[in-house]
Amino acid sequence: MTQTILITGVGKRVGLYLATHLTNEGYQVIGTYRTLRPELQQLEALGVQLYCCDFYQSEQTEQLIANIKQSYSSLRAIIHNASDWLPDADDANPLATIEQMMRIHASTPYAINQALTPLLHHNASPFADIIHITDYVVDKGSKKHAAYAASKAALHSLTLSFAAKLAPKIKVNSIAPAMLMFNLDDDDNYKQKALKKALIQQEGGEAEALKAVKYLLDSQYMTGQSLKIDGGRHLV
Ligand SMILES: NC(=O)C1=CN([C@@H]2O[C@H](COP(=O)(O)OP(=O)(O)OC[C@H]3O[C@@H](n4cnc5c(N)ncnc54)[C@H](OP(=O)(O)O)[C@@H]3O)[C@@H](O)[C@H]2O)C=CC1
Ligand SMILES: Nc1nc2c(c(=O)[nH]1)N=C([C@H](O)[C@@H](O)CO)CN2
């Protein structure tokens with residue numbers, strides 16, 4: 001029986017990697033995207049079911065939920081990967097920044113989890129999973145991304161609440177990366193400074209995220225926890 005996994009934000013980088021490799025491992029992946037990219041055609045060719053959804057538009061989120069409830073009777077897992085890394089810098093509109101951060105990192109996962117819990121319960125496996133991809137900054141905050149960090153901390157709080165509420169059938173955990181992948185516009189000076197913040201001075205890479213996801217899917221005893229893939233940054 002094919003097991004279905006919903007992943008948000010599959011259009012690039014970590015989300016694209018997770019959708020590709022979990023599909024190759026035999027899962028049926030439902031992927032959401034916001035921006036049309038050539039890589040999405042590769043996912044479609046693999047059999048990933050794609051849904052376009054901008055989570056900043058509530059009606060699109062509500063439509064996504066309705067479409068999934070109409071098309072699927074069960075889910076093996078939900079992976080909340082979609083994210084915007086907005087800086088606080090010269091915040092012309094601070095209310096908009098914090099509202100956007102809370103929308104993508106807390107309100108959307110909350111609404112999707114609430115609505116799709118019955119599909120997770122319906123899953124034939126002994127366990128189902130909700131995985132929230134948070135961030136190392138949940139424990140420390142961020143001078144330059146305070147709204148982002150607060151919203152990721154809210155997401156981890158949802159991990160704790162949903163873990164308690166949905167046990168034992170549904171496990172709920174966070175994955176908290178630090179320096180996973182640089183962005184194309186990161187210059188060498190930024191990269192050197194960022195790498196020095198950890199004990200293991202290299203990018204973790206998207207494969208680390210997949211390993212963490214696979215551990216959580218395979219676990220029969222971990223819930224309400226956070227897998228911190230941070231290169232030892234907390235000890236520097
Ligand atoms: N990269 C890193 O070093 C780190 C990453 N993380 C976390 O890991 C996860 C993956 O990181 P990474 O791949 O770098 O993330 P990216 O920022 O590269 O991609 C995030 C994805 O989220 C989607 N997204 C953003 N805003 C919206 C929205 N309003 N509606 C729908 N989709 C949206 C984007 O969609 P689209 O492109 O289609 O617009 C994109 O596909 C994220 O949760 C991130 O916060 C945490 C710590 C470090
Ligand atoms: N949605 C995103 N979140 C984050 C990103 C990113 O590119 N997209 N990048 C980081 C940084 O790598 C940071 O961890 C460096 O210290 C954080 N979150």
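Every number for a ligand or one of its atoms is a count from 1 in the order of the listing. Values below: all heavy atoms of this structure, side chains included; hydrogens, waters and symmetry mates excluded. Nothing here was measured: the structure is a model prediction, and the numbers come from that model.
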Exercise for review: For Tyr56 and ligand 1, answer yes if some heavy atom of the residue is under 4.0 Å from a ligand atom, otherwise no.
Suggested key: yes
Study note, to complete from the structure: Closest heavy-atom approach to atom 3 (N) of ligand 2 among Tyr148, Phe182, Tyr190 is made by Tyr148
Exercise for review: Find all atoms of ligand 1 within a distance of less than 4.0 Å from any non-hydrogen atom belonging to Asp54, and give their numbers and elements.
Suggested key: 28 (C), 29 (N), 30 (N)
Review point. Can a donor-acceptor pair be found between the side chains of Ser74 and His122 at a distance below 3.5 Å?
Key: no
Revision key, fill the gap. OG1 of Thr223 to NZ of Lys169, rounded to nearest 0.5 Å, is 13.5 Å
Point to revise | atom 30 (N) of ligand 1 [closest protein heavy-atom partner, distance rounded to 0.1 Å] | key: Phe55 N, 2.9 Å
Check your understanding: Which one holds for Tyr148 and ligand 1: side chain close, backbone close, both close, or neither close, with close meaning a heavy atom under 4.0 Å?
Key -> side chain
Revision key, fill the gap. A student comparing Gly15, Ser151, Ser83, Cys52 should find that the heavy atom closest to atom 21 (C) of ligand 1 comes from Ser83
Point to revise | Polar contact flag for Ser83 and ligand 2 (N/O pairs, less than 3.5 Å) | key: yes
Revision key, fill the gap. Counting from 1 in the order shown, the ligand 1 atoms closer than 4.0 Å to a non-hydrogen atom of Ile133 are 7 (C), 8 (O), 9 (C), 43 (O)
**Study point:** For Leu180, atoms of ligand 1 separated by under 4.0 Å from a heavy atom
**Key:** 2 (C), 3 (O), 4 (C)
Point to revise | The single option from Val48, Val29, Thr23 passing side chain to side chain contact (heavy atoms under 4.5 Å, CB included) against Leu43 | key: Val48
Check your understanding: Taking N or O atoms only and a 3.5 Å limit, does Pro177 qualify as a polar contact for ligand 1?
Key -> no
Review point. Atom CZ of Phe55 and atom OG of Ser83: how far apart are they, to the nearest 0.5 Å?
Key: 11.5 Å
Point to revise | Under 4.0 Å to a heavy atom of Cys53 - the qualifying atoms of ligand 1, by number | key: 30 (N), 31 (C)
Point to revise | Option set Gly31, Ala209, Gly205, Ala178, criterion heavy-atom distance to atom 48 (C) of ligand 1, minimum | key: Ala178
Review point. Which one holds for Arg233 and ligand 2: side chain close, backbone close, both close, or neither close, with close meaning a heavy atom under 4.0 Å?
Key: side chain
Check your understanding: Can you tell me how far the CD1 atom of Ile65 sits from the CG atom of Leu6, to the nearest 0.5 Å?
Key -> 9.5 Å
Review point. Can a salt bridge be assigned to the pair Lys191 and Asp186 using a cut-off of 4.0 Å between side-chain N and carboxylate O?
Key: no
Review point. Between Val137 and ligand 2, which residue portion shows a heavy-atom distance shorter than 4.0 Å: side chain, backbone, both, or neither?
Key: neither
Exercise for review: Could you tell me whether Lys143 and Asp88 have a side-chain N and a carboxylate O separated by less than 4.0 Å?
Suggested key: no
Exercise for review: Give the atoms of ligand 1, by number and element, whose distance to some non-hydrogen atom of Thr134 is under 4.0 Å.
Suggested key: 7 (C), 46 (C)
Review point. Are side-chain N/O atoms of His80 and Asn113 paired as donor and acceptor at under 3.5 Å?
Key: yes
Practice item. Report yes if the side chains of Gln3 and Gln28 come closer than 4.5 Å at any heavy-atom pair, otherwise no. Key: no
Exercise for review: Could you tell me how the ring of Trp85 sits relative to the ring of Tyr148: parallel (under 30°), tilted (30 to 60°) or perpendicular (over 60°)?
Suggested key: perpendicular
Study note, to complete from the structure: Here the atoms of ligand 1 under 4.0 Å from any heavy atom belonging to Gly9 are 41 (O)
Check your understanding: Quick one: which ligand 2 atoms are inside 4.0 Å of a heavy atom on Asp135?
Key -> 17 (C), 18 (N)
Review point. Are the side chains of Leu120 and Ile78 in touch, meaning some heavy atoms are under 4.5 Å apart?
Key: yes
Point to revise | Lys152 touching ligand 1 at heavy-atom level, < 4.0 angstrom | key: yes
Exercise for review: Look at atom 36 (P) of ligand 1 and find which of Arg37, Met179, Lys12, Arg13 reaches it with the closest heavy atom.
Suggested key: Arg37
Review point. How many angstroms lie between atom CD of Gln57 and atom CD of Gln63, to the nearest 0.5 angstrom?
Key: 13.5 Å
Check your understanding: Going by distance only, is there an N or O of Arg13 that falls short of 3.5 Å from an N or O of ligand 2?
Key -> yes
Point to revise | Min heavy-atom dist Ala178 to ligand 2 below 4.0 Å | key: yes
Review point. For the atom pair CG (Leu16) and CG (Leu40), what is the distance rounded to the nearest 0.5 Å?
Key: 7.5 Å
Practice item. Answer yes or no: does an N/O atom from Leu180 fall short of 3.5 Å to an N/O atom of ligand 2? Key: no
Review point. Would Lys193 count as a contact of ligand 2 if the rule is a heavy atom under 4.0 Å away?
Key: no
Practice item. Identify, for atom 9 (C) of ligand 1, the protein heavy atom at the shortest distance, and state residue, atom and that distance. Key: Asn81 OD1, 3.2 Å
Review point. How many angstroms lie between atom CG of Asn183 and atom CZ of Arg13, to the nearest 0.5 angstrom?
Key: 4.0 Å
Check your understanding: Purely on distance, is any nitrogen or oxygen of Ile104 under 3.5 Å from one on ligand 1?
Key -> no
Point to revise | Test of proximity, His105 against ligand 1: N or O pairs below 3.5 Å | key: no
Review point. For residues Thr159 and Ser174, is any side-chain donor paired with an opposing acceptor at under 3.5 Å?
Key: yes
Exercise for review: State if Tyr136 counts as touching ligand 2 under the rule of any non-hydrogen atom under 4.0 Å.
Suggested key: no
